[in-house]
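Structure, as structure tokens:
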Amino acid sequence: MTGKPELRRELIGIHNKLLACYGVQHWWPGETPFEIMVGAILTQSAAWGNVEKAITNLKSAGKLSPSAIRDMPMVDLAKMVYPSGYYNAKARKLKALAEWLGKYKDDLSRLDRSPTVDLRQELLEIYGVGPETSDAILLYVFKRPVFVIDAYTRRLFRRLGVEPPVDNYDGWQALFMDNLPHEFELFAEYHALIVKHGKDICRKSPQCTECCLSNECSGKPSATKPVHLGGPT
DNA sequence: GTCCCGCTTG
DNA sequence: CAAGCTGGAC
């Protein structure tokens with residue numbers, strides 16, 4: 001946490017307003033660590049409701065475990081995750097995740113001994129695990145203080161007029177991690193609140209009249225959409 | 001930049 | 001009917 005005090009207070013202020021608006025979120029939905037990891041992969045560019053269907057399919061078939069997924073034919077796995085979209089790609093990703101866990105005898109406590117940077121590097125080497133999925137797993141499974149950046153985060157804070165100097169994943173992550181205390185509870189709750197807000201209010205087409213942040217928001221990108229002053233040609 | 005891809009919402 | 005959904009691989 002080395003950033004400017006002004007930005008630090010702004011980021012905390014946004015968190016507090018979201019918390020006051022929505023209350024504690026109790027994330028991540030998922031009853032076991034493995035279920036959280038599966039959810040993190042299946043939710044890539046997919047609505048959570050569809051992810052739940054896929055997870056329910058796995059659960060009711062008794063296949064929601066690393067070993068079951070390793071032993072299952074790819075085609076069967078693809079059918080089960082069908083509702084979450086990209087089913088062939090996601091079946092392959094789940095296989096890769098399960099194979100990786102197998103290297104540690106499916107024992108999360110072994111992995112939990114690794115420092116965060118090392119664990120993150122390992123996660124990134126798994127097929128289908130990129131920065132966001134990696135950080136979601138680090139945060140919600142391993143309880144590491146890592147700030148997760150997603151499309152909702154970028155959209156919300158751009159509209160609020162807060163942007164990092166470098167517009168990529170690491171740049172966004174540094175914006176938050178350089179300006180907030182590295183506390184698991186704070187990062188977990190903040191991300192959950194951003195998602196809640198992004199789904200319900202700060203959508204692509206924002207519901208600004210119902211937004212509890214409308215006072216501090218310029219609504220920039222959507223407000224700057226081209227206006228043809230001369231009217232249609 | 002393109003592809004992967006079904007389901008929900010407007 | 002189209003747009004959008006907690007991305008990542010190539």
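Residue numbering restarts at 1 for every chain, and letters A, B, ... go by the order of the sequence lines.
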Exercise. Side-chain N or O of Arg155(A) less than 4.0 angstrom from OP1 or OP2 on dC5(C)?
Worked result: yes
Exercise. For Lys90(A), answer base if it contacts any base atom (sugar-phosphate contacts may also be present), sugar-phosphate if it contacts only those atoms, and nothing otherwise; contact means non-hydrogen atoms under 4.0 Å.
Key: nothing
Between CG of Leu97(A) and P of dG7(C) the distance, given in whole Å, is 18 Å
Among the nucleotides dG8(C), dC7(B), dC4(B), whichever has the atom closest to the side chain of Asn50(A) is dC7(B)
From CD1 of Ile41(A) across to C1' of dC5(C) the rounded distance in Å is 17 Å
Using a 4.0 Å heavy-atom cut-off across all strands, classify Thr133(A) as base, sugar-phosphate, or nothing. sugar-phosphate
Rounded to whole Å, CG of Asp200(A) lies from C1' of dT9(B) at a distance of 13 Å
Taken to the nearest whole Å, NZ/Lys93(A) to P/dC10(C) is 10 Å
Check: When we call it a touch if two heavy atoms are under 4.0 Å apart, what does Gly130(A) touch: a base, just sugar-phosphate, or nothing?
Finding: sugar-phosphate
Checking dC5(C), dA9(C), dG8(C) against the side chain of Tyr127(A) (C-beta onward), the nearest is dA9(C)
- Within 45° of the ring axis of Phe184(A) and under 6.0 Å from its six-membered ring centre, is that where the NZ or CZ of Arg144(A) lies? no
Ranking Arg203(A) and Ala47(A) by the position along DNA chain B of their nearest nucleotide, the one closer to 5' is Ala47(A)
With the side chain defined as heavy atoms from C-beta on, Pro131(A) is closest, among dG6(B), dC4(B), dG8(C), to dG8(C)
Describe the nucleic acid contact of Ile126(A) in one word from base, sugar-phosphate, nothing, applying a heavy-atom distance below 4.0 Å. sugar-phosphate
| Does Val75(A) belong to the same Ile/Leu/Val/Met/Phe/Trp/Tyr cluster as Val81(A), with side-chain heavy atoms less than 4.5 Å apart forming each link? | no
| Does Arg70(A) offer a backbone N or O that forms a donor-acceptor pair with the side chain of Lys95(A) under 3.5 Å? | yes
Gln121(A) versus Val117(A): any side-chain heavy-atom pair under 4.5 Å?
no
Leu42(A) CG to dG8(C) P, in whole Å, measures 13 Å
From the candidates dG7(C), dC5(C), dC7(B), the one with an atom nearest any side-chain atom of Tyr82(A) is dC7(B)
Taking dG8(C), dC7(B), dG6(B) as options, the one with an atom nearest any side-chain atom of Lys53(A) is dC7(B)
| Lys143(A) atom NZ, over 12 foreign heavy atoms within 6.0 Å | yes
Lys199(A) atom NZ is separated from dT8(B) atom C1', nearest whole Å, by 12 Å
Open item on the list: By the 4.0 Å heavy-atom rule, please label Val129(A) as base, sugar-phosphate, or nothing.
Closed with: sugar-phosphate
Rounded to whole Å, CD of Glu125(A) lies from P of dG8(C) at a distance of 15 Å
* With heavy atoms under 4.0 Å as the rule, sort Ala46(A) into base, sugar-phosphate or nothing. => base
Can you check the distance between dC4(B) and dC1(C), where both ends of the measurement are the C1' atom (answer in whole Å)? 23 Å
Asp150(A) atom CG is separated from dG4(C) atom P, nearest whole Å, by 17 Å
- prompt: With a non-hydrogen cut-off below 4.0 angstrom, is Arg92(A) in contact with a base, only sugar-phosphate, or nothing?
  reply: sugar-phosphate
Result for 5'-nearest mapping on DNA chain C, choosing between Glu132(A) and Ser205(A), is Ser205(A)
Sorted by position of nearest nucleotide on DNA chain C, 5' first, the leading residue of Gly49(A) and Gly128(A) is Gly49(A)
Note to self: Counting only side-chain nitrogens and oxygens, does Tyr87(A) get under 4.0 Å of the OP1 or OP2 atom of dC4(B)?
What the structure shows: no
Are Phe147(A) and His191(A) close enough that their ring centers fall under 6.0 Å? no
